[in-house]
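All values below were derived from every heavy atom in this structure, side-chain atoms included, with hydrogens, water molecules and symmetry-related copies excluded. Remember, predicted model here, so these are calculated numbers, not experimental data.
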Amino acid sequence: MSDCWSSYQCLSDEGFVHLAVNHSMHFVEPDTGAHTQSIEGMWNVIKRGLNGTNHVKGQFDSYMAVYMWKWKNSTAELWMASLLDMIKEVYPPHSKDKRKLKKKEKKGNKVK
């Protein structure tokens, strides 16, 4: 959803479902219910989170990625679980370690 700024008109061509609201007429599109309050509120939260920190020019995508990861993993438990999953993806266990796990599972020891 967006306002009627002309740069957004190509979003439908790119395969996005794009609803627009004309703010000069109303803030909520009466036919579709489209509004921009949610995204404007989210941008406000993001800007407040970035305010006062040192920024490197050209790194906004990195700052957004960190913000989105923190938003998705909003508790310490989720942060740790997500971080460990990412580490396992980059550094998979050695095959020797996998054999040890299989032996423990065969002996009846549950591996968490």
* Partners passing ring-ring contact (aromatic ring centres under 6.0 Å, His included) against Phe60 (at least two apart in sequence or in another chain) ->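 By the ring-ring contact (aromatic ring centres under 6.0 Å, His included) rule, Phe60 matches no residue at all.
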* For Trp79, which residues count as a ring-ring contact (aromatic ring centres under 6.0 Å, His included) partner, sequence neighbours excluded? ->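 For Trp79, the residues satisfying ring-ring contact (aromatic ring centres under 6.0 Å, His included) (neighbours in sequence not counted) are Trp69.
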* Under a 4.5 Å cut-off applied to non-hydrogen side-chain atoms, are Val90 and Met86 in contact? -> no
Please tell me whether [X] and [Y] are part of a single hydrophobic cluster in this structure, the criterion being side-chain heavy atoms less than 4.5 Å apart.
X	Y	answer
Val28	Met25	no
Val45	Trp43	yes
Leu78	Leu83	no

Using every non-hydrogen atom in the two residues, find where [X] and [Y] come nearest and quote the distance to one decimal.
X	Y	result
Tyr63	Val56	OH-N, 2.8 Å
Ala34	Ala20	CB-O, 4.3 Å
Val21	His26	CG2-O, 3.5 Å

* Asked: More than 12 non-hydrogen atoms from neighbouring residues, nucleotides or ligands closer than 6.0 Å to CE on Met80, yes or no?
  ->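 No, CE of Met80 has 12 or fewer neighbouring heavy atoms, counting only those of other groups under 6.0 Å.
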* Do other residues, nucleotides or ligands put more than 12 heavy atoms under 6.0 Å from Glu40 CD? ->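 Enclosed: over 12 neighbouring heavy atoms sit under 6.0 Å from CD of Glu40.
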* Take Phe27 and Gln37 through the side-chain contact (heavy atoms from CB on, under 4.5 Å) test and state the conclusion after the steps. => CA-CA 8 Å; Phe27 289 101; Gln37 287 125 346; 4.3 Å; yes
Nearest 0.5 Å please: distance from the [atom1] atom of [X] over to the [atom2] atom of [Y].
X	Y	atom1	atom2	answer
Ile87	Glu89	CD1	CD	11.5 Å
His23	His35	NE2	NE2	10.0 Å
Met42	Met68	CE	CE	10.5 Å

* Would you say the side-chain atoms of Thr32 and Glu29 include a donor-acceptor pair closer than 3.5 Å? ->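 No, no side-chain donor-acceptor pair sits under 3.5 Å.
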